[in-house]
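The sequence lines fix the lettering, A, B, ..., with proteins before strands; numbering per chain opens at 1.
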Amino acid sequence: MANPLAQQGRWRDLDKLLARPGNIVGHGFEHSPTLREEIGEFVRVLVVGAGGLGCELLKDLALSGFKNIDVIDMDTIEVSNLNRQFLFRLQDVGKSKAEVAAKRVMERVSGVNIVPHFCRIEDKDLEFYNDFNIIVLGLDSIEARSYINSVACSFLEYDCDDKPIPETVKPMVDGGTEGFKGHARVILPGTTPCFECNIWLFPPQVKFPLCTLAETPRTAAHCIEYAHLIKWDEVHNGKAFDADDPEHMLWVYSEALKRAELFGIAGVTYSLTQGVVKNIIPAIASTNAIISAACALEALKIVSGCSKTLSNYLTYNGLEGTHIKVTDFVRDMDCLVCGPGTLIELDTSVTLSQFIELLGEHPNLHLLKPSVTYRGNNLYMQSPPILEEMTRSNLHLLLFDLMGKVPKDTIHVSGTTEKNGKKTSCLRKLRVVFKRVVGGSTDMDIAGSS
Amino acid sequence: MAAESKTKYDRQLRIWGEQGQAALEKASICLLNCGPTGSEALKNLVLGGIGSITVVDGSKVEAYDLGNNFMLDEESLGQAKAKCVCSFLQELNDAVKAKFVEESPDTLIETNPSFFAQFTLVIATQLLENSLLKLDKICRHANVILVVARSYGLTGLVRISLKEHNVIESKPDHFLDDLRLHKPWPELKQFAKTIDLSVTDSVVHKHTPYIVILIRLAEKWADAHDGCLPSTRQEKKEFKDLIKAHMLNLDEENYKEAIEASFKVSTPRGISSHLCQIINDAAVQVDSTSPDFWVLVAALKEFIENEGGGEPPLEGSIPDMTSLTEYYVSLQKIYQAKAESDFLVMEQRVRNILKRIGRDPDAITKAYIKNFCRNARKITVCRYRNIEDEFSIPILPELQKYLTDEDYNFAVGFYILLRAVDRFAANYNRFPGIFDGEVDEDISRLKTIAVGLLSDLGFHGPALSEDLINEMCRFGGAELHAVAAFIGGVASQEVIKLVTKQFVPLTGTFIFNGIDQKSQALAL
């Protein structure tokens, strides 16, 4: 398939970096004329998101020696993507972003294989994620970042000195942009802070108090949110508002206009209505290009060691000049996600269904409708129905027996939890210790036991 | 603007608006050399709907191009690189006029300098020192903006060059609002007086806007303190206590906002040092050749010294705050009315100045003046040295500072070495480290050149890091895609700021540090 003439010397520039020794390089850099081929052959990278950052990332990674790439995105292409998502054309509108992006990059960069996944990130099981050597995130939501972070951290195990076991570390590179600003960060679970360790970097969006909307509106946004959050429900009994339905949006716009007129407030436009209702974040090609390039370069450095890596959080601000700031954040040693796991002590007499109940009541977890996995085996799955049916019979069995009568081990649970009044998917790693079992004392280390 | 374009450009229109978009669509950009750095820069501009592009490159596509340039594929091998890149870019956006010239940029600079005068802006990528200095002179002479971009191994740079760039809409991230609480004008004071702070209706009490609370209480304070406003730390604390004493209960948001904003009654009067510098710039002595911007600054200076009483024209907008709708809308109108009257005074001054310098008094539009007034506190002037001056007479104290500052260590090292590799190329007709067999010799050659370069600049301090010189030779002139995408991204971002005249472009030289990502802008 690939033209042999084109392969000759094609990677001249990249090979300078990978084939030659250097004085300022990462740990374990083994320069070699075959290093690029080894990366291409053995490294599997997952790109989460095929939007503004994802399109750039796929291109950048394909031209940085990566050959086995997967991309996952549940979205379809919209016209408003075309000002920056350069792999898409007008005739692609409505198609899967992941599928079109994968196809376009493979057409242009011969030898690279990109597998698209047109689905939600929660639809894939843990094993899917465990197959990748590195995960690169190009997302625009905190919830999705948090979920992938918890998945990657769930693989992490610690040795008896509380040091992360290298084979269980799943590195992540995360990028994000908003207008002329952006960030890129490297997450090495167990070594650098995970997404949850400094979640405070992403404060939740401030919402308008309902009484302001209902009684003392002052801005155009107040009028829009009144129409969207209060008036809609009053008028359309029970019919859910759909932000992607232009008729719904036009209705909100015209109601917002009426209200603005009533109160003498200026500034309600259709564009602002969309912006407020859909919480649209401005996005441009250049910022996405900059942040993705930084992320792809870090991914290359992590897998090859060809230079030092970013330690560990970069912010870019292009509003006034071009400012790059690197901050070396520290881990939250008590982090529920990248720490050794929440310790749960159980009697050997606890059944799986009692255990599941306990997860909802646990003060640190509050996990609703959890599914339970042990060493890759599904003990109980809430969905899909077929799996639920298959695992239902486990519910009345003893967890101790289901875990092969080991005194202690790690178990994975996933379900939903409430955060800031919003339901989010979450995955947690638990260290289960059975009481009064030989070898099952309640000391903190569990990793060495299996 | 057509509905389809509006939807397509929605996410960027929210940043630079239809005016910014119109400026982009009018701009014509010339790219010199279409390797990955240049191609990626243009890609970002084409997606955003830039008016026209002209790609200049004299080379044919070779195998190594396919390893770092996404715009080229196997079918392009052997063809003109400019043509292939141009046709891929055209595919991204048919609203853009895309042209190419198959000619070496170096030749064009040498033989046809007038070629560049037709463009709004030239993006020069991967150009060596000799051509770059010539191009800078050509662009300055023709009043064409020059953006220089270079990728080299794990480093690279972006540098803007033009005489002067003025920004009215600098759109800073955080900027203190202009409420004039330290100096309320009669209408505002009058309005505040009509509201009773000790109203018994609790709903009204907790919906009295903090602007009113602060004006009334500042007056009360001044009455008790010989007409002075709180100024010492202790007084400011006491003023906050005074506000607290007027709360009916502790959860009144408006009073919390008043306490938080209480410093605004004692903010120092007058203009910032940044604005002071601009209105005292030599360019304020306007004549018939002065740009409109400076005519406005001249009027602003007069305004501040006369009607403004030390203050610029009022912006006229107020932030959202807890308030009854009626009070808030009344306040908005009072602020807008004052802004309008300040604008009328400014307009008169602008017309008079235009008359005085022999221009048509109506040469500057109302909209321009209004926009200027609304942004008067945020106007920015960027000036750029020509590249030759920077190269031959750098600002030594700055250079010294960078060379001894740990945070700038790699960045300033790369700055020197990026110039040293051009000298190397001038001597040896190739970059250092191109050939595997000669890397070691090239390291000592490059070191000699770098030391010579530093001493030419008059700097005889500590030598550059050996490790960095070593790395520079290891790079062997490689243009890595990820680095090129980064540098091209920064270059395109700067082009957007320059063309839309919004936000503040980069001053100095941005040095990309791909080792630990601690990139820096150096002011040399």
Review point. Can we say A:Glu56 and B:Lys43 salt-bridge, meaning some charged N sits less than 4.0 Å from an Asp/Glu carboxylate O?
Key: yes
Taking the six-membered ring of B:Tyr64 as reference, does the NZ or CZ atom of A:Arg10 fall below 6.0 Å from its centre and within a 45° cone about the axis? no
**Message:** Do the side chains of B:Glu40 and A:Lys59 get close enough for a salt bridge, i.e. N-O under 4.0 angstrom?
**Reply:** yes
Most contact-rich option vs chain B, by heavy-atom pairs under 4.5 angstrom, among A:Ala184, A:Ser286, A:Ala296, is A:Ser286
Separation between CG (B:Asn44) and CD1 (A:Ile290), nearest 0.5 Å, reads 8.0 Å
d(B:Phe486 CZ, A:Leu297 CG) to nearest 0.5 Å is 9.0 Å
Q: Could you go through the side-chain hydrogen bond (donor to acceptor under 3.5 Å, both in side chains) check for B:Gln493 and A:Thr287 one step at a time?
A: CA-CA 7 Å; B:Gln493 186 117 294; A:Thr287 316; 3.3 Å; yes
SB check B:Asp436 A:Arg20 (cutoff 4.0 Å)
yes
Per-residue tally against chain B (heavy atom, under 4.5 Å) across A:Pro217, A:Gly264, A:Pro209 peaks at A:Pro217
Decide yes or no for A:Ile265 and B:Tyr328: does some side-chain heavy atom of the first lie under 4.5 Å from some side-chain heavy atom of the second?
no
CD1 of A:Ile284 to CZ of B:Arg14, rounded to nearest 0.5 Å, is 14.5 Å
Short N-O contact, A:Glu320 and B:Lys171, less than 4.0 angstrom = no
Next on the checklist: Ring-plane angle category for B:Trp16 and A:Phe180, please: parallel below 30°, perpendicular beyond 60°, tilted otherwise.
Outcome noted: tilted
Open item on the list: Would you say that A:Asn83 contacts B:Leu47 through its side chain, given a criterion of any heavy-atom pair below 4.5 Å between the two side chains?
Closed with: no
**Report entry** Donor-acceptor contact present, side-chain B:Arg11 to main-chain A:Pro282, <3.5 Å
**Finding:** no
Between the NE2 atom in B:His207 and the CD atom in A:Glu215, the distance rounded to the nearest 0.5 Å is 7.0 Å
